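Whatever order the structure lists them in is the order used to number ligands and atoms, beginning at 1. Only heavy atoms go into these numbers, but all of them, side chains included; no hydrogens, no water, no symmetry mates. All values derive from a computational prediction rather than experimental measurement.
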Amino acid sequence: MRSKSLEKEDGISEASIVAVHGGALETHTVTGLEVINEASITAKDQKLTSVYGKNEFCEDNNQKENLFGPWMLVKRPNRRKELVRNNVPNSYGHVGHNGFNKKHVIPVSNTRFAALEEEVEERNANEDTNNETREAEEENKSLGKVGQVAKGRNVAHKTERVRNYLGGRNPQPKGGKPVSSQPINKKSTSQSPIVEKKSGTENESALMAAGESAVASTSKNMGILNSVDTKSQDEDNRRRMKQFQQVHKVHGDNFMSRVAMPNQEAVDFVKQQAEIFKKNFAIDKPPDSKLPNAMEICEGESTTFDLGIKADGDASHMQVFDSTLSTGPQTKPSNQVQGCLNQIKHKVSNILVALSSANVVGKSSIVPTRILIHWVPPPPADKFCSNSKTMVAAASSSFSLQLFNVRRPFHSSSSSSPSSYPTTLTTFPKSTSSSIRCSAATRSYTITLLPGDGIGPEVISVAKDVLLLAGSIEGIKYEFQEKLLGGAALDATGVPLPDETLSVAKQSDAVLLGAIGGYKWDKNEKHLKPETGLLQLRAGLKVFANLRPATVFPQLVDASTLKREAAEGVDLMVVRELTGGIYFGKPRGFGTNENGEETGYNTEVYAAHEIDRIARFAFEVARKRRGKLCSVDKANVLEASMLWRKRVLALAQEYPDVELSHMYVDNAAMQLIRNPKQFDTIVTNNIFGDILSDEASMITGSIGMLPSASLGASGPGLFEPIHGSAPDIAGQDKANPFATVLSAAMLLRYGLGEDKAAERIEKAVLDTLNRGFRTADIYSSGTKLVGCKQVGEEILKSVESHVPAGAV
Ligand SMILES: NC(=O)c1ccc[n+]([C@@H]2O[C@H](COP(=O)([O-])OP(=O)(O)OC[C@H]3O[C@@H](n4cnc5c(N)ncnc54)[C@H](O)[C@@H]3O)[C@@H](O)[C@H]2O)c1
Ligand SMILES: CC(C)[C@H](C(=O)O)[C@@H](O)C(=O)O
């Protein structure tokens, strides 16, 4: 619960701060750890021992202030002993504010439990002693004998041990300020030697003292992890403290004094964000349709976003405008951070939809909302436990999120300037606050993103968000590298495939491409066409096998141009040869014939090994599908096709379990429309595959539904929708992003072997379709017509909502 004093502290006097805990947001746990709720933890039969001292656990939830420290040992009958992590620190850097609402549970062995219990006992004893020391100090002070220990114990020694235990920080008595680690006979004006050394002004000193307090608090929270190697932990804490103070000093924001320990990743991220913000947004810029919001970035490990929320009085038209979360050219938060931000964004959307349906948001209003994100650094995993599950848990970090309703941008140059936002919302009906946890990624991949031209960037933006979210849930970390290809590259560099793009793509784990091409470059010479860049990329990556699945989703049967009975149940795979044939054959070019007439010519040529490798690939694919392979050629006319058929036939000996058939391409084109269900796997050359897959796409409802994966013998795969840059609809938010999102799923499945994340995305696509969301190309009556962005939003919601298996 936030109080008025916070309003003052935040310097946002006009804000009505309404964040409390509970409410519409829920803790989102992506660590895969069990989250237990309050009811289960407060059951009478439990024995709970606070790590941080006696009497700090309280079964009565109303006495939350008695709770302290995020880690507790929990012993319950018939269950493994557990180490329970309480929720993240609140915005004051304190812990336990959330009570026992949300916890993460780490099972611990009996031995570990016993060891921890011992540590707890020791800590309690130390804390007792420490309290006694303070009492003695107080007593002595009042007697005018500062520094003398009244009770004659080896207090200094014990205090030092506790101090070490808390990672070099001073023990912090519950609800009080940290006790100085200075010799108690030395008079001090400050609680912290570091503050004393660094502080310049009184104000700064106060800020740093507060910072010290926050850090001490955080150290204490992590104290259980610090006991193993106090020396290195001390150093680590000194480094962090210094970092904290630097950030703190630079910005002098007392807001910062209340946040937890900074983390380099978070610091870098917010600094980057601040730069982008400064560059792209005038702080006082009045809201307009494109940039309705201002945002504030606190440089440090706490980040604040001001979102402009435009509501049309109808939940379905609610939009969250957030410049922060969009992917500007320089916006490169770490992928983990980005993944969390995406989650936050969607949580926020949910709240707003809830508010809207509660009729709180008036018609056509823009409600600026402040989002405060605390990034809580992970505890040092190596100090913790060695089994991998626990490591993941220990390495998990947290975001806490709080929503504030504000009346004006936070950093307007004049704090007394009138609000530039029309605000219809003064109080939220329900409190809204939450924390979002993201697991520290366990697997990390480098992905080259090539948005390209036309609708390419629109669909890639959606797919990237989906990848991030599914990845963050499944413990996958990405490093995205966005590069130029096609027309965009031509404009910027004069070539359609810059060397840098190819070299970065080659070095990455997978490449995700939007689309290239457009009217602007149509008349360019061959080597300066966007399409040439794409072909060079495919050749450069040696991705000879192009998988193009055409599946009619039950939800889209009515969007198919074929009759229901023809379209329903179609599920075929085109395996297209991608780096040979007429696309690359030589000779090629323009010339003049014997009559002096202009000619253009190409060569359809395949070497035996090129046919063999794609045929093998296709046999393997067919084997994993329904065991039927149809080889499509033009062997009645073309020599290249004659060789094709011969080689495929020869290879069939190796695959007796696969039923092989051959079909001329003209017939295949017709059969695809007549009875597509006869096909399981089709293997064909480059040009026939291009044409047939476009044709097959219409059976599924739209070319906007077909993904593809291009794979080579080694190296990264290339994943792209089969559609082009659709210049006719580019920039209008009309593009269907499903094909690209499904390409991202193929990237995970075939490129990275991340089946779980892939499945999550595939199910999310189906779920989104089930919920009726359609772009114009697949719209049919009774469904909801939305744009590219909203489809993306809906897919994200589905990704997040853990669509259960078999639900779609
Ligand atoms: N892989 C690629 O990058 C690729 C593939 C095909 C075409 N192209 C290039 O794209 C440009 C346009 O080619 P085109 O018009 O022949 O083919 P196209 O696939 O771009 O468009 C064909 C039609 O389908 C629609 N369409 C395509 N994708 C859509 C989507 N995701 N959502 C909704 N509708 C969609 C378009 O609006 C258009 O009406 C050309 O320069 C071409 O060379 C690139
Ligand atoms: C744009 C063009 C080079 C490309 C192709 O012909 O392969 C496209 O049609 C595709 O299917 O990806």
Side-chain angles (χ1 to χ4, degrees), residues 450-463 484-490 496-497 511-524 526-539 541 543-548 550 556 559 561 574 576-584 602 684-698 700-710 718-743 765 773-779 785-789 791-792:
L450 306 172
D453 310 315
I455 61 170
E458 298 170 50
V459 292
I460 282 290
S461 157
V462 170
L484 296 167
L485 177 71
L490 276 165
L497 175 66
V511 182
L512 185 64
L513 164 67
I516 48 84
Y519 310 133
K520 182 176 174 188
W521 309 281
D522 274 352
K523 293 204 168 81
N524 283 11
K526 171 83 193 342
H527 71 286
L528 295 179
K529 280 185 180 294
E531 292 78 359
T532 301
L534 175 57
L535 297 180
Q536 287 169 345
L537 178 71
R538 290 172 179 170
L541 293 175
V543 284
F544 66 86
N546 181 212
L547 288 168
R548 296 189 161 191
L556 293 186
T561 42
V574 177
R576 171 188 177 191
E577 200 292 323
L578 200 63
T579 52
I582 200 164
Y583 276 66
F584 295 91
N602 293 86
T684 191
N685 70 10
N686 204 340
I687 189 143
F688 299 158
D690 180 39
I691 297 162
L692 293 181
S693 56
D694 267 32
E695 189 188 348
S697 76
M698 269 327 288
T700 71
S702 166
I703 196 165
M705 293 304 300
L706 248 66
S708 85
S710 304
L718 171 65
F719 302 84
E720 48 173 324
I722 77 155
H723 63 70
S725 59
D728 53 333
I729 56 166
Q732 299 168 40
D733 194 31
K734 286 183 179 165
N736 179 343
F738 282 117
T740 315
V741 169
L742 288 167
S743 301
V765 164
F773 294 97
R774 305 280 190 277
T775 41
D777 57 319
I778 49 172
Y779 174 77
L785 178 61
V786 293
C788 178
K789 281 185 191 152
V791 166

Heavy-atom distances under 4.0 Å decide this one: backbone, side chain, both or neither, for R548 against ligand 2? side chain

May I ask you to list the atoms of ligand 1 that are less than 4.0 angstrom from any heavy atom of G517? 41 (O)

Flag the pair R548 and E720 as a salt bridge only when some basic side-chain nitrogen lies within less than 4.0 angstrom of an acidic carboxylate oxygen. no

Which of the atoms in ligand 1, numbered in the order shown and given with their element, are less than 4.0 Å from a heavy-atom of E720? 1 (N)

Closest heavy-atom approach to atom 24 (O) of ligand 1 among I729, I703, T740 is made by I703

Note, I722 side chain near S697 side chain (heavy atom, < 4.5 Å): yes

Protein heavy-atom contact under 4.0 Å for atom 15 (O) of ligand 1? no

Can you confirm whether some protein heavy atom lies under 4.0 Å from atom 3 (O) of ligand 1, or whether none does? yes

With a heavy-atom distance limit of 4.0 Å, tell me whether R576 approaches ligand 2 through its side chain, its backbone, both, or neither. side chain

Going by the order shown, which atoms of ligand 1 are within less than 4.0 Å of some heavy atom of P727? 12 (C)

Would you please determine whether V459 falls within less than 4.0 Å of ligand 1 on a heavy-atom basis? no

Any idea which protein heavy atom is nearest atom 1 (C) of ligand 2, and the distance to it? E531 CG, 3.7 Å

Quick one: which ligand 1 atoms are inside 4.0 Å of a heavy atom on A515? 3 (O)

Please confirm whether R538 comes within less than 3.5 Å of ligand 2 when only nitrogen or oxygen atoms on both sides are compared. yes

Distance-minimising heavy-atom pair for H723 and A515: O-CB, 3.9 Å

Residue and atom name of the nearest protein heavy atom (relative to atom 10 (O) of ligand 1), distance in Å to one decimal: S725 N, 3.1 Å

We want to know whether D690 and Y583 form a side-chain donor-acceptor pair, criterion being a heavy-atom distance below 3.5 angstrom. yes

Around atom 21 (O) of ligand 1, find the nearest protein heavy atom and jot down its residue, atom name and distance. A726 CA, 4.2 Å

Identify, for atom 40 (C) of ligand 1, the protein heavy atom at the shortest distance, and state residue, atom and that distance. E531 OE2, 3.7 Å

Identity and distance of the protein heavy atom lying nearest atom 7 (C) of ligand 1: G724 CA, 3.3 Å

Pick whichever of L535, N736, T775 has a heavy atom sitting closest to atom 32 (N) of ligand 1. N736

Is ligand 1 under 4.0 Å from a heavy atom in the side chain of H723, in the backbone, in both, or in neither? both

Of all the atoms in ligand 1, which lie at a distance below 4.0 Å from a heavy atom belonging to L534? 1 (N), 2 (C), 3 (O)

Heavy atom of the protein closest to atom 8 (C) of ligand 2 (residue, atom name, distance): D690 OD1, 3.9 Å

Decide whether an N or O pair under 3.5 Å exists between I516 and ligand 1. yes

Quick test: of every protein heavy atom, which one is nearest to atom 6 (O) of ligand 2, and how far off is it to 0.1 Å? Y583 OH, 2.5 Å

Among T532, I691, L534, whose heavy atom sits nearest atom 2 (C) of ligand 2? L534

Under 3.5 Å, N or O to N or O, is D694 touching ligand 2 that way? no

Ignoring hydrogens and geometry beyond distance, is a side-chain donor-acceptor pair present between S710 and N546 at under 3.5 Å? yes

Taking 4.0 angstrom as the limit and counting only heavy atoms of A735, give me the atoms of ligand 1 inside it, by number and element. 32 (N)

Under a 4.0 Å heavy-atom limit, does I455 contact ligand 1 with its side chain, its backbone, both, or neither? side chain

Identify which of D522, I722, D777, D728 has a heavy atom lying nearest to atom 36 (C) of ligand 1. D728

